[in-house]
Amino acid sequence: MPDVPDRAAVPTRDPRAEPPGGSAAKDPAGSSAGAPDFLGRALADARSPRVPALSPYVPERPFPWSGPGLPLSDGGRRQTDAAAASRGPRRGAAAGARTDSGHRLATTGTSTLGAAPIRHDAPLDLARLLGLSLAASAGTSGRLRPVPSAGALHPVRAHLLVGPGCSLPPGRYAYDPHTHRAHPRGPAPDGVSAGVLVVLTVAASRTVAHYGHRAWPLLLLDAGHAAAALAQAGPPTADVLVCLDADGALLSAAAGLPRAPARHSEWQAAELEPPLAAVWFTPSDGSVRTIDPLSAWATRARASAPVRAPGPPIAQPRELSRTQHLLSLLAQAPARPAGTWHPASRPEGVTGKTLTTRRSAPPDDLRRPPERELLASVLTTARTASPAGPDWTVVTGGAAPALYTASPGRRCLLLHAHGDARPTLAHWAARQTWIGTTGAVLLAHGCPDDASPAEVRISHLAAGYAIGQAQTHATALGLRSRPIGSWQQADLGAALGEAPGRDWIVHGLALGAPPAKTTTPPATRTATPLTTRTATAPAAPTAAPRATRPTPHSTDPPAPGTTARTTPPGEEERP
């Protein structure tokens, strides 16, 4: 959704206001004693059909760290895009390359800024890693990046904890995706492992301004997508580990950020950034690495604070404060503060060109159903991306619409139910009616009504991470795709005759085969009817599909006259 400055005002609260439930509900550790009730209400509200209220327009804040930052790119070497893309990020790790975003990804030689040398021949070239994952395209507004985001708002921020063996000198940095620069924030503690640890946080203000009470699940999904983009951009010289459940206080301490509840009193110049995930890159040369990388960074070496903005702190909309406190609650994991680290894998066929050319396809390009073998391959990628997280189902259209799950131990589809569920999915997904005619939809589902904060967090982060992996794999297979993040009343389990409130849709990915190539001789093309494309579209949903199980249906049919939206690629529809 494009930014629009004329928004209606909503009540605001002081940024240092107490969390929901009042000061009496806050324990000494900074958490809310009424957290389960607060989370349950927020979860039910995000899944309800209530339309978000308009909020004040929130422009993206300037990057709050001082100085020009270290330029990650070396502009001295030039190379064609075609040559860079043909090698991909694995084969081209030892030579210069340029991403489609326009950033220089040279990996040879040394450049300096002051006394800080930048080694482009290091085993871990951060210019390439970040250029293939998080960097904004040069010369654009910053909305076009390799990683997708709800509304193309990109709320995820990356803090780099750099050890030996990287192109940047060891230390803490904040990455600015607009300028492709790293802002130094302090030295590295002694004894940290080689490689780089990337802590991902979210700045919620712009997403909340667009999506209101539905913003916080989208922020979690966006963080998962960013983790997937980083993991897939890892070079062949590094092992990649991903953590989606580390304690927020430990993540904040490692990144040199204050604990979330005290943020506004300590760093009033910066927006609250609840930390949610981390990705760790270590050289795959047999080097010794610590078991708990976050604690090694958290116990020593204090980081610098952001630049203090002139004037008093800015009052925040009530919905933004509520979202920030909810995300801080979800980030708490005191039972296992160091988190669970699992190895990341790159889907087969994914190259640097795949990562930088992946885009959300327009709805009209998603009408052709993909081949079953390709759907099974994408489904397997989603299921195996993370050991924890939601369940997975594929909904297909065509002549025999149905719902499929993955067959255990085999890369094939297992029939789950007959019938066309796509019109119901269209209604559940903020009435985006184009979903009713898309070729197929990959669904992540789970997260019951009474889910704990840890389960809510991992369900959404793992869903975003897995969909990010699946979308890249679909691109490598030649399929068109488009993430679907906003879901209301999407109780898939209840629609299939199971207990209500136990199996909700969390995330989705629309999939379509590429347009059929025309092989008609030039002499006969003028005789082709203008309705050829329409005639080859999937058949319209039947009124009463045959079913071996209850087919998903909506108890509240779409409003008459609802038409398909045609949002530009890369922008998710606002509910």
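Here, residue 1 is the first one in the sequence, and each next residue gets the next number.
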S.K.: State, to 0.1 Å, how close Ser345 and Gln469 come at their nearest heavy-atom pair, and which atoms those are.
M.R.: O-OE1, 3.2 Å

S.K.: Taking all non-hydrogen atoms of both residues, which atom of Ala470 and which atom of Ala382 are closest, and how far apart?
M.R.: CB-CB, 4.2 Å

S.K.: Rounded to the nearest 0.5 Å, how far apart are CD of Glu319 and CD of Gln324?
M.R.: 11.0 Å

S.K.: Report yes or no: do His225 and Ser149 form a side-chain donor-acceptor pair below 3.5 Å?
M.R.: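 No donor-acceptor contact under 3.5 Å links the two side chains.
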
S.K.: Just wondering, do Leu218 and Asp222 contact through their side chains at under 4.5 Å, heavy atoms?
M.R.: no

S.K.: Using the side-chain contact (heavy atoms from CB on, under 4.5 Å) rule, take Arg157 and Leu200 through it: C-alpha gap first, then chi angles, then the decisive distance, then the call.
M.R.: CA-CA 6 Å; Arg157 295 179 179 176; Leu200 298 175; over 6 Å; no

S.K.: Do Thr393 and His445 pass the side chain to side chain donor-acceptor pair (under 3.5 Å) test, and can you show the C-alpha distance, the side-chain angles, and the key distance before you say yes or no?
M.R.: CA-CA 8 Å; Thr393 296; His445 50 94; 2.8 Å; yes

S.K.: Check for a donor-acceptor pair, side chain of Arg145 on one end and backbone N or O of Gly142 on the other, with a separation under 3.5 Å.
M.R.: yes

S.K.: Under the 3.5 angstrom rule, does the side chain of Thr437 hit a backbone N or O of Trp434 as a donor-acceptor pair?
M.R.: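 Confirmed, Thr437 side chain pairs with Trp434 backbone.
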
S.K.: So, taking the atom named CZ in Arg322 and the one named CG in Leu320, what distance separates them when rounded to the nearest 0.5 Å?
M.R.: 10.5 Å

S.K.: Does Gly389 offer a backbone N or O that forms a donor-acceptor pair with the side chain of Ser386 under 3.5 Å?
M.R.: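 Judged by distance alone, no pair lies under 3.5 Å.
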
S.K.: Measuring from atom CZ of Arg383 to atom OG1 of Thr405, what distance do you get when rounded to the nearest 0.5 angstrom?
M.R.: 8.5 Å

S.K.: Taking all heavy atoms of Arg358 and all of Gly468, pick out the closest pair and write down the distance.
M.R.: NH1-O, 3.3 Å

S.K.: Quick one: does Arg214's side chain have a donor or acceptor within less than 3.5 Å of a partner on Arg50's backbone?
M.R.: yes

S.K.: Checking salt bridge (Lys or Arg N to Asp or Glu O under 4.0 Å) for the pair Arg457/Asp245: CA distance, chi angles, key distance, verdict?
M.R.: CA-CA 8 Å; Arg457 176 187 177 185; Asp245 60 353; over 6 Å; no

S.K.: How far apart are the C-alpha atoms of Ser48 and Gln489, what are their side-chain angles, what is the distance that settles it, and do they pass the side-chain contact (heavy atoms from CB on, under 4.5 Å) test?
M.R.: CA-CA 6 Å; Ser48 74; Gln489 298 178 296; over 6 Å; no

S.K.: Can Asp450 and Arg502 be said to form a salt bridge (Lys or Arg N to Asp or Glu O under 4.0 Å), step by step?
M.R.: CA-CA 8 Å; Asp450 58 353; Arg502 311 304 304 168; 2.8 Å; yes

S.K.: Heavy-atom distance under 4.5 Å between the side chains of Val441 and Leu511, does that happen here?
M.R.: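 No; the side chains remain at least 4.5 Å from each other.
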
S.K.: So, taking the atom named CG in Leu443 and the one named CD1 in Ile484, what distance separates them when rounded to the nearest 0.5 Å?
M.R.: 7.5 Å

S.K.: Does Thr438 offer a backbone N or O that forms a donor-acceptor pair with the side chain of Arg367 under 3.5 Å?
M.R.: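 It does not hold such a pair.
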
S.K.: Between Tyr465 and Ala231, which heavy-atom pair has the shortest distance, and what is it?
M.R.: OH-CB, 3.9 Å

S.K.: If you measure from CG on Leu366 to CG on Leu509, what distance do you get to the nearest 0.5 Å?
M.R.: 9.0 Å

S.K.: Side chains of Ser486 and Gln488: donor-acceptor distance under 3.5 Å anywhere?
M.R.: yes

S.K.: Classify the side-chain pair Asp449/Trp504 by whether it contains a donor and acceptor separated by less than 3.5 Å.
M.R.: yes

S.K.: Where do Thr354 and Gly349 come nearest, in terms of heavy atoms and distance?
M.R.: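 Answer, listing the atom of Thr354 first, then Gly349: OG1-O, 3.9 Å.
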
S.K.: In sequence, state the C-alpha distance, the side-chain angles, and the governing distance for Val395 and Tyr404, and then conclude on side-chain contact (heavy atoms from CB on, under 4.5 Å).
M.R.: CA-CA 6 Å; Val395 174; Tyr404 296 93; over 6 Å; no

S.K.: In Å, rounded to the nearest 0.5 Å, how long is the span from OG of Ser137 to CG of Leu144?
M.R.: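 Output value for this atom pair is 3.5 Å.
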
S.K.: Under 3.5 Å, side chain of Gln471 to main-chain N/O of Ile467, donor-acceptor pair present?
M.R.: no

S.K.: Is there a side-chain contact between Pro448 and Glu455 (heavy atoms, below 4.5 Å)?
M.R.: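 Yes. Closest side-chain heavy atoms under 4.5 Å.
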
S.K.: If we ignore hydrogens and angles and just use 3.5 Å, is the side chain of Asp503 paired with the main-chain N or O of Leu492 as donor and acceptor?
M.R.: no

S.K.: Quick one: do the Thr381 and His473 side chains pair a donor with an acceptor below 3.5 Å?
M.R.: yes

S.K.: Minimum heavy-atom separation for Pro146 to Ser133, with atom names?
M.R.: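 Nearest heavy atoms, Pro146 then Ser133: CB-O, 3.6 Å.
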
S.K.: Between Leu374 and Glu371, is a side-chain contact (heavy atoms from CB on, under 4.5 Å) present by the stated rule, with each step listed?
M.R.: CA-CA 5 Å; Leu374 300 183; Glu371 298 178 7; 4.2 Å; yes

S.K.: Quick one: does His180's side chain have a donor or acceptor within less than 3.5 Å of a partner on Ala135's backbone?
M.R.: no

S.K.: Quick check against the 3.5 Å criterion: does His210 have a side-chain atom that pairs as donor or acceptor with the backbone of Arg206?
M.R.: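 Such a contact is found between His210 side chain and Arg206 backbone.
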
S.K.: Is a side-chain donor or acceptor of Arg143 paired with a backbone partner of Gly151 at a separation under 3.5 angstrom?
M.R.: yes

S.K.: Establish, from distance only, whether the side-chain atoms of Thr475 and Thr472 form a donor-acceptor pair under 3.5 Å.
M.R.: no

S.K.: With side chain to side chain donor-acceptor pair (under 3.5 Å) as the criterion, how do His178 and His154 come out once you've worked through the C-alpha distance, each side chain's angles and the decisive distance to 0.1 Å?
M.R.: CA-CA 11 Å; His178 295 276; His154 299 287; over 6 Å; no

S.K.: Do the ring planes of His460 and Trp216 sit parallel (below 30°), tilted (30 to 60°) or perpendicular (above 60°)?
M.R.: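 Ring orientation of His460 relative to Trp216: tilted.
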
